[in-house]
> 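This is the structure I want to talk about, given as structure tokens.
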There are 2 protein chains.
Amino acid sequence: MVFGKSCNQCSVRETALCGVLADAALAPMAAHGTQRSLARGETLIRAGDPARLCANIQRGLMKISHINPAGHEVIVGLLWPGDFVGTPFLDGGPATHDVVALSAVSLCVFPQTTIERTMADHPAMERQLLSRTLAELGQVRRSLSRLARATALARVAGFIAETAQRRPAAAEPHVIELPLSRGEMADLLGLTIETVSRQMTRLKTAGVIGLPGGRQVMIQDPDALAEAADELM
Amino acid sequence: MVFGKSCNQCSVRETALCGVLADAALAPMAAHGTQRSLARGETLIRAGDPARLCANIQRGLMKISHINPAGHEVIVGLLWPGDFVGTPFLDGGPATHDVVALSAVSLCVFPQTTIERTMADHPAMERQLLSRTLAELGQVRRSLSRLARATALARVAGFIAETAQRRPAAAEPHVIELPLSRGEMADLLGLTIETVSRQMTRLKTAGVIGLPGGRQVMIQDPDALAEAADELM
DNA sequence: CGGGCATTTGATTTAGCTCAATCCCCGTGG
DNA sequence: CCACGGGGATTGAGCTAAATCAAATGCCCG
């Protein structure tokens, strides 16, 4: 748990690195937050924690998860740069989920004690928070309809396709690095490790993707991938 | 599609009937909305509609659903009195889901052309909208983790338990009327009609619930019901 | 080179789906 | 008052996709 320098040190020349400043409307709010970084695997919020916080992710990837009574981890969402974590309100009761860094993460943390005032002072921040929360809701609803009916193949294909969309101009346009292990994919997609692996090799055998090794995926046939993802969803 | 009288006719003496006024902070915003009622089965928003709206449900129950490529309806959420429907922003693109009345519904509709102004004038409304959206997000995440891992029995038991919690002081405290048909329950829980039916009779045979007929459920053993709902979730 | 971990592959089991038949509740009309 | 019909709900009999159990393989890193 390392606290970094204050976020108001994110000057204009650093905009590219400081997600929260990417949207000009959010610039004033950055001054009210504290800069913080997390190592991969570090926990920002623990389920049951009474203390809540609200933060905006600038760099890196986080997962929102919880352990079900059977002891199985369920991942209910991923958080990408620009996304907000936690809640801005004090009345929400204890946290219901863990929030853990999947990679090195930097974020701009807003203490809950002052955030309501910050929102009152900067309506654009509240607007942005609402807008992003609504977008998030749409995302989760899409996951929901996928989990309700889609086959294992469609879940895996859909995850790869969505991950590819999230990483635009990389070096190799058709090679992506999955941010999750097979086990984490299984926890996110409501499958088992074995089933995820089997569907990956199925896609490989069909010539839709290539698996160069590690967590890398080469998308050889984007159309076929999209079609597989839509199969029953 | 019947437009009723304006919502600002909901005077204080009618508070009990007018959900949007239940929260005092929302009273001023009611004046900016239009009262509208829907018959059971009527569609408020159709997926693909370019026109969006934002409304607050005062009475009745709605479902948010969409038809997947396989032609199967998936219900991604239910909306109860006090919940907001739609989105307040114009930039969101076409609607992604149908929103349909499951019972007679009355709501207070805010035209999207004026809602941003309304929110600017009444910060409490925006606060409320954000707060409810966050709560909704939590709800959907709970559904998500249920759909990811829970058994058919747990899904059905969980739905009955949650429905029971939503209807507090009814006449018979232990008898509830399910708002959904078996088919709709199946669409909501990601199961088939037959499986829902089988789990219901399983709960009945185990003495956990009674099925007096129609959509009624008598909860005979609330603890056992809660336990069945938590089984693997 | 070897140990530990993630991933893949294989064999078997099972929960829930599909297909099919029957039942039950209720409104309608003779 | 009772036969008729129709839609939802229940029950039954296989079938299948994914889980589970088990083993082998590959890979990273000391």
Side-chain angles (χ1 to χ4, degrees), chain A residues 40-41 68 70-75 102 146-160 177-206 209-218 228 231-233, chain B residues 40-41 68 70-75 102-103 146-160 177-206 209-218 228-229 231-233:
Chain A
R40 174 182 180 146
N68 70 14
H72 217 112
E73 179 170 22
V74 178
I75 299 179
L102 288 172
R146 175 163 289 157
L147 254 67
R149 297 281 173 202
T151 62
L153 183 68
R155 295 181 201 200
V156 171
F159 173 72
I160 295 171
E177 174 97 10
L178 296 180
L180 268 48
S181 71
R182 295 286 185 275
E184 287 166 334
M185 285 177 64
D187 291 338
L188 179 70
L189 302 174
L191 301 169
T192 60
I193 292 177
E194 296 94 322
T195 300
V196 170
S197 180
R198 273 185 252 270
Q199 305 312 320
M200 299 278 286
T201 57
R202 198 135 90 87
L203 288 168
K204 185 180 75 172
T205 310
I209 61 172
L211 296 173
R215 291 180 178 183
Q216 293 197 331
V217 175
M218 190 192 329
E231 204 79 14
L232 261 175
M233 119 135 218
Chain B
R40 174 182 179 143
N68 71 13
H72 217 113
E73 179 170 21
V74 178
I75 300 179
L102 289 171
S103 66
R146 176 164 289 155
L147 253 64
R149 298 281 172 202
T151 63
L153 184 68
R155 296 181 200 200
V156 171
F159 174 72
I160 295 170
E177 175 98 9
L178 297 181
L180 268 47
S181 70
R182 294 287 185 276
E184 288 166 333
M185 286 176 63
D187 292 337
L188 179 70
L189 302 174
L191 301 169
T192 60
I193 293 178
E194 296 94 322
T195 300
V196 170
S197 180
R198 274 185 252 270
Q199 305 311 321
M200 298 278 285
T201 57
R202 197 137 90 87
L203 288 168
K204 185 180 77 173
T205 310
I209 61 172
L211 297 172
R215 292 180 179 183
Q216 293 197 330
V217 175
M218 191 191 329
E231 203 79 18
L232 262 174
M233 118 137 220

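Just so we're on the same page: letters track the sequence lines, and every chain starts at 1.
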> Between dT7(C), dG12(D), dC17(C), which nucleotide has the shortest distance from any of its atoms to the side chain of Ser181(A)?
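Ranking dT7(C), dG12(D), dC17(C) by closest atom to the Ser181(A) side chain puts dT7(C) first.
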> Could you state the interatomic distance from CG (Leu153(A)) to CZ (Arg202(A)), rounded to the nearest 0.5 Å?
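Rounded to the nearest 0.5 Å, the CG-CZ separation comes out at 4.5 Å.
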> Mapping Ser197(B) and Arg155(A) onto DNA chain D by nearest heavy atom, which one lands closer to the 5' end?
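The 5'-side residue here is Ser197(B).
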> Of all the nucleotides listed (dT9(C), dT20(D), dG12(D)), which has the minimum atom distance to the side chain of Thr192(A)?
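Minimum distance to the Thr192(A) side chain belongs to dT20(D).
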> Select one nucleotide: of dT10(D), dT20(D), dT8(C), the one nearest the side-chain heavy atoms of Arg198(A).
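In terms of side-chain proximity for Arg198(A), the closest of dT10(D), dT20(D), dT8(C) is dT20(D).
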> What distance separates Met200(B) CE from Ser197(B) OG, expressed to the nearest 0.5 Å?
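Those atoms lie 7.5 Å apart.
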> Report yes if some heavy atom in the side chain of Leu191(B) is under 4.5 Å from a heavy atom in the side chain of Val156(B); otherwise report no.
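Yes, side chains in contact.
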> Would you indicate which nucleotide in dA22(D), dA18(D), dT18(C) comes nearest to any side-chain atom of Leu191(A)?
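Nearest nucleotide to the side chain: dA18(D).
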> Is the phosphate of dT10(D) approached by Arg182(B) (side-chain N or O, under 4.0 Å from OP1 or OP2)?
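The answer is yes; a side-chain N or O of Arg182(B) sits under 4.0 Å from OP1 or OP2.
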> Report the distance from atom CG of Asp187(B) to atom C1' of dA9(D), rounded to the nearest whole Å.
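My rounded result for the distance is 15 Å.
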> For the CG atom of Leu180(B) and the CG atom of Leu188(B), what is their distance to the nearest 0.5 Å?
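Output value for this atom pair is 6.5 Å.
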> From the options dG16(C), dC17(C), dG10(C), select the nucleotide whose nearest atom is closest to the side chain of Thr151(B).
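Shortest atom-to-atom distance from the side chain points to dG16(C).
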> Which nucleotide, dA18(D), dT10(D), dT8(C), lies nearest any side-chain atom of Ile193(A)?
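Nearest to the side-chain atoms of Ile193(A), counting from C-beta on, is dT8(C).
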> Measure CD/Gln199(A) against C1'/dA17(D) and give the value in whole Å, please.
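After rounding, the reported distance stands at 9 Å.
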> For the pair made of CG in Leu178(B) and C1' in dA9(D), what is the distance, rounded to whole Å?
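The distance from CG of Leu178(B) to C1' of dA9(D) comes to 13 Å, rounded to the nearest Å.
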> Starting from C1' on dT7(C), measure out to CD on Glu184(A) and report it in whole angstrom.
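Atom CD in Glu184(A) sits about 14 Å away from atom C1' in dT7(C).
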> Take atom CD of Glu194(B) and atom P of dT16(D), then tell me their distance rounded to the nearest Å.
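It is 16 Å, rounded to the nearest whole Å.
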> Can you figure out which of dT7(C), dT10(D), dA19(D) approaches the side chain of Thr195(A) most closely?
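Nearest listed nucleotide: dA19(D).
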> Using atom CG of Leu153(A) as one end and atom P of dA17(D) as the other, report the distance to the nearest whole Å.
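Atom CG in Leu153(A) sits about 12 Å away from atom P in dA17(D).
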> Rounded to whole Å, please give me the gap between CD in Gln216(B) and P in dC26(C).
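Computing the Gln216(B):CD to dC26(C):P distance gives 10 Å.
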> Hey, is the main chain of Pro179(B) close enough, under 3.5 Å, to the side chain of Arg215(B) for a donor-acceptor pair?
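Confirmed, Arg215(B) side chain pairs with Pro179(B) backbone.
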> Return the value, rounded to whole Å, for the distance between atom CG of Leu203(A) and atom C1' of dT8(C).
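Leu203(A) atom CG is separated from dT8(C) atom C1' by 15 Å.
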> What I want to check is whether an N or O donor and acceptor connect the side chain of Arg215(B) with the base of dG8(D) at under 3.5 Å.
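By the distance-only test, no, there is no pair.
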> Quick one: the side chain of Arg202(A) and the base of dT9(C), do they pair up donor-acceptor inside 3.5 Å?
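By the distance-only test, no, there is no pair.
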